Number of protein chains: 2
Amino acid sequence: MQSTVTLRDVAQAAKVSIATASRALAGEGLTSRSTEARLRRIAAELGYRPNALARGLKTRTTRLVGLVVHNLTNASFRVLAEVVQRRLRAEGYQTILCITADDPEQEAEIIATLADQRVDGLIICPTGHNGARLAALDSNGTPVTCVVRRDEMVEMETVLAADPEGAYAGTRHLLELGHRRIGLIVGRRETTSGRERLSGYRRALEEAGIAFDPSLVHAGPYEPETGLAGCRQLLDRADRPTALFVANHESALGVLRGLAERDLLVPDDISLLCYEDMPGFAWQRPAISVVDSGATAMADLAADRLLQRLRPNAAPPAETAREYRIGARLIQRHSCRPVAP
Amino acid sequence: MQSTVTLRDVAQAAKVSIATASRALAGEGLTSRSTEARLRRIAAELGYRPNALARGLKTRTTRLVGLVVHNLTNASFRVLAEVVQRRLRAEGYQTILCITADDPEQEAEIIATLADQRVDGLIICPTGHNGARLAALDSNGTPVTCVVRRDEMVEMETVLAADPEGAYAGTRHLLELGHRRIGLIVGRRETTSGRERLSGYRRALEEAGIAFDPSLVHAGPYEPETGLAGCRQLLDRADRPTALFVANHESALGVLRGLAERDLLVPDDISLLCYEDMPGFAWQRPAISVVDSGATAMADLAADRLLQRLRPNAAPPAETAREYRIGARLIQRHSCRPVAP
DNA sequence: CGATGTCCTGTAATCGTTTGCGGAAGCAAG
DNA sequence: CTTGCTTCCGCAAACGATTACAGGACATCG
């Protein structure tokens with residue numbers, strides 16, 4: 001195989017100018033039908049493939065978009081990566097996936113590199129410390145869509161889960177089953193999701209006329225260890241909660257372990273409800289009820305929004321700086337049961 | 001913020017030629033110390049960032065590498081994506097992640113687009129139907145490293161799990177605990193891993209003087225459904241196996257479900273050993289023993305190999321076309337028990 | 001003082017495309 | 001035969017960097 005065949009080679013082989021070759025292959029009837037067909041044939045024979053760098057340099061568009069997430073362990077991010085990648089590719093865009101590990105410095109570096117690469121757009125779950133850079137990009141003509149988390153510092157198009165409502169609905173469900181002491185294991189208060197899920201839980205309780213008891217909530221990072229620790233803390237109380245609401249799936253692993261340690265059976269001894277679905281929950285026995293935060297829908301909407309703004313007739317950024325919320329949805333399986341009378 | 005500042009702007013601001021500006025910012029003492037410092041300062045003030053497209057076009061190197069996997073659900077791929085991304089970024093490379101869904105056509109398209117993008121290298125888990133394209137890329141100066149799966153049709157640098165040995169070791173472990181009827185739930189025979197894991201299982205049995213019984217193995221795609229179906233098939237036999245060896249973690253979910261359906265307790269009623277570790281296994285109660293296929297090590301080695309060949313003094317491809325195997329390792333937890341006498 | 005060498009810097013070509021502009025050819029109408 | 005339109009094509013200038021080559025300034029040495 002020869003190294004690389006350029007437009008020049010194609011043009012020479014067809015005895016036309018480079019310009020004509022370019023136009024012929026661009027389609028759009030810029031050349032006569034016959035030359036177009038001929039050029040196409042020759043290009044195919046020679047195995048010509050346009051150089052994306054040169055094209056990008058000239059046209060100022062690369063058909064690359066950056067996707068920036070914290071990790072791939074969390075199911076939401078995984079789904080995000082898969083869905084966004086698929087959706088964008090269907091429209092002719094390549095996805096550059098980058099992982100920040102939730103570290104603002106790495107994020108800053110990634111944003112810069114992506115900008116150097118002249119990506120056409122960006123979907124990002126921001127750490128919250130680089131809002132200015134993102135806003136700069138956005139107003140410079142590179143659309144940025146935030147997802148999963150919001151950057152509080154700056155106005156940008158954002159698609160989020162309806163966490164307050166989701167947590168509210170989950171808590172309501174448990175309340176309606178008659179539970180009064182509901183333990184909550186939730187993310188740190190510094191994160192949007194941590195705060196919002198807590199507030200939904202709290203609102204549901206207060207509406208039901210139950211005083212909010214801070215000692216019933218355990219907050220920590222999204223890790224199994226948090227679940228285990230929370231479980232221990234909550235289960236060692238004299239008035240053990242009759243239900244546990246675990247506000248993310250990483251902690252759920254630890255909770256399951258904690259329950260097993262104490263030989264507590266779900267749902268006989270205690271009810272369990274989780275936030276964010278994952279494959280394991282449906283296959284578990286008993287299958288675990290869940291309020292699904294709608295990761296797929298979020299990913300789809302994020303892709304939609306970005307694609308929308310990537311189209312030639314882009315709306316002015318001011319117009320697009322709004323916030324979308326994806327509704328959460330309760331999936332009842334078999335881990336919750338009415339409290340015994 | 002102005003749109004974009006180019007080298008020309010920096011040069012003008014410093015009243016030098018573009019060439020000097022370029023050299024100054026390149027470092028390496030191509031200019032006098034003073035101009036270098038001055039140019040650096042001005043570039044920083046103006047917020048100059050080199051255009052990766054233009055640079056790539058000229059230097060024929062983009063510091064982009066493609067990473068092509070089947071999905072992100074499988075833990076090996078997830079680890080691969082995270083590790084490779086991190087390792088490459090530490091060396092100044094960006095990773096373009098692409099997902100084939102194990103579909104040769106999508107894979108072909110992805111390879112072509114990546115080539116158009118002029119990636120400097122490629123790490124890919126091949127479907128096995130595009131070996132020619134990959135080989136062409138490789139011999140054209142774009143190093144390609146295959147991982148997890150081999151493309152049987154063509155010689156290329158490949159890093160694989162030591163599946164035959166891993167399956168052998170796992171089976172041995174169960175045999176040493178006294179198990180004689182060991183059910184195997186394994187991938188389809190069309191895949192390398194399916195074949196190799198089966199062969200390791202078989203060899204261990206035969207060495208122990210136990211006849212291989214095809215009715216004890218259930219093969220299917222890497223999905224929970226396979227595990228459930230296999231479980232049902234194997235457990236409904238009169239002479240139920242005393243141990244189950246589940247050769248991938250997706251199926252394990254289904255197996256756990258199948259066991260629960262029949263109220264079989266692990267490890268009291270039946271021993272369970274899985275292939276490929278995942279977070280859930282360690283947290284499960286009882287924690288599940290596993291032969292870890294070494295996904296992290298594979299990812300690291302793949303990154304190492306590619307980086308090696310990316311360095312200026314690249315070895316001739318013929319020299320590098322070898323196969324690396326990552327040793328598997330038995331992790332004993334609490335799901336296997338000696339068979340009752 | 002002139003020759004030579006060392007440093008720096010500028011000029012210009014180049015990477016592979018796209019695209020504005022103008023010219024040639026063809027054809028119909030006057 | 002001139003004029004005026006279309007239609008198709010070529011010339012050449014970008015896009016933003018890197019880099020071979022050459023020239024200018026200055027110091028050193030014979």
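Just so you know, these numbers come straight off a predicted model, no measurement behind them. All chains are named by letter (A, B, ...) in the order of the sequence lines, taking the proteins before the strands, and each is independently numbered beginning at 1.
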Does B:R118 reach a base, just sugar-phosphate, or nothing at all? Heavy atoms under 4.0 Å.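 Nothing, no nucleic acid heavy atom in range.
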Which part of the nucleic acid, if any, lies within contact of A:L30, taking any heavy atom under 4.0 Å across all strands shown: a base, the sugar-phosphate backbone alone, or nothing?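 Result for A:L30 = nothing.
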[Y] versus [X], side-chain donor and acceptor atoms under 3.5 Å:
{"X": "B:E107", "Y": "B:T127", "value": "yes"}
{"X": "B:T59", "Y": "B:T61", "value": "no"}
{"X": "A:T6", "Y": "A:Y48", "value": "no"}
{"X": "B:T142", "Y": "B:N140", "value": "no"}

Determine to 10° how strongly the helix from C:dC1-D:dG30 to C:dG30-D:dC1 is bent, judged from the axes of its five-pair ends.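 Between the first-five-pair axis and the last-five-pair axis there is 70°.
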In whole angstroms, how far is the [atom2] atom of [N] from the [atom1] atom of [X]?
{"X": "B:R33", "N": "C:dT9", "atom1": "CZ", "atom2": "P", "answer": "13 Å"}
{"X": "A:Q12", "N": "C:dT17", "atom1": "CD", "atom2": "P", "answer": "13 Å"}
{"X": "A:L53", "N": "C:dT18", "atom1": "CG", "atom2": "P", "answer": "13 Å"}
{"X": "B:N51", "N": "C:dC15", "atom1": "CG", "atom2": "C1'", "answer": "13 Å"}

Hey, what are the protein-to-nucleotides 19-22 of chain C N/O distances that come in under 3.5 Å?
from: C:dG20; atom 1: O6; to: A:R23; atom 2: NH1; distance (Å): 3.3

With a 4.0 Å cut-off, would you call [X] and [Y] a salt bridge?
{"X": "A:R86", "Y": "A:E82", "answer": "no"}
{"X": "B:R133", "Y": "B:D151", "answer": "no"}
{"X": "A:E36", "Y": "A:R40", "answer": "yes"}

Can you run down the salt bridge (charged side-chain N to carboxylate O under 4.0 Å, His left out) pairs that involve residues 111-127 of chain A, sequence neighbours left out, and say none if there aren't any?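 Output for this query lists A:D116-B:R49.
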Span of DNA chain D in contact with chain B (heavy atoms, under 4.0 Å):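 Reading along DNA chain D, I get D:dG16 to D:dA20.
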Test: ring pair (Phe, Tyr, Trp, His ring centres under 6.0 Å). Region: residues 75-110 of chain A. Which pairs qualify, not counting sequence neighbours?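 Matches after skipping sequence neighbours: A:H70-A:F77.
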Treating A:E323 as the side-chain partner and A:E157 as the backbone partner, does any N or O pair qualify as donor plus acceptor under 3.5 Å?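 It does not hold such a pair.
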Taking only residues two or more places apart in sequence, or in another chain, which ones meet A:R63 in a salt bridge (Lys or Arg N to Asp or Glu O under 4.0 Å)?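 Salt bridge (Lys or Arg N to Asp or Glu O under 4.0 Å) check on A:R63 returns nothing, list empty.
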Nearest-nucleotide check on DNA chain C, A:T6 vs B:S34; residue mapping nearer the 5' end is B:S34
Is any side-chain N or O of [X] closer than 4.0 Å to OP1 or OP2 of [N]?
{"X": "B:S32", "N": "C:dC7", "answer": "no"}
{"X": "A:R8", "N": "C:dG16", "answer": "no"}
{"X": "B:R60", "N": "C:dG16", "answer": "yes"}

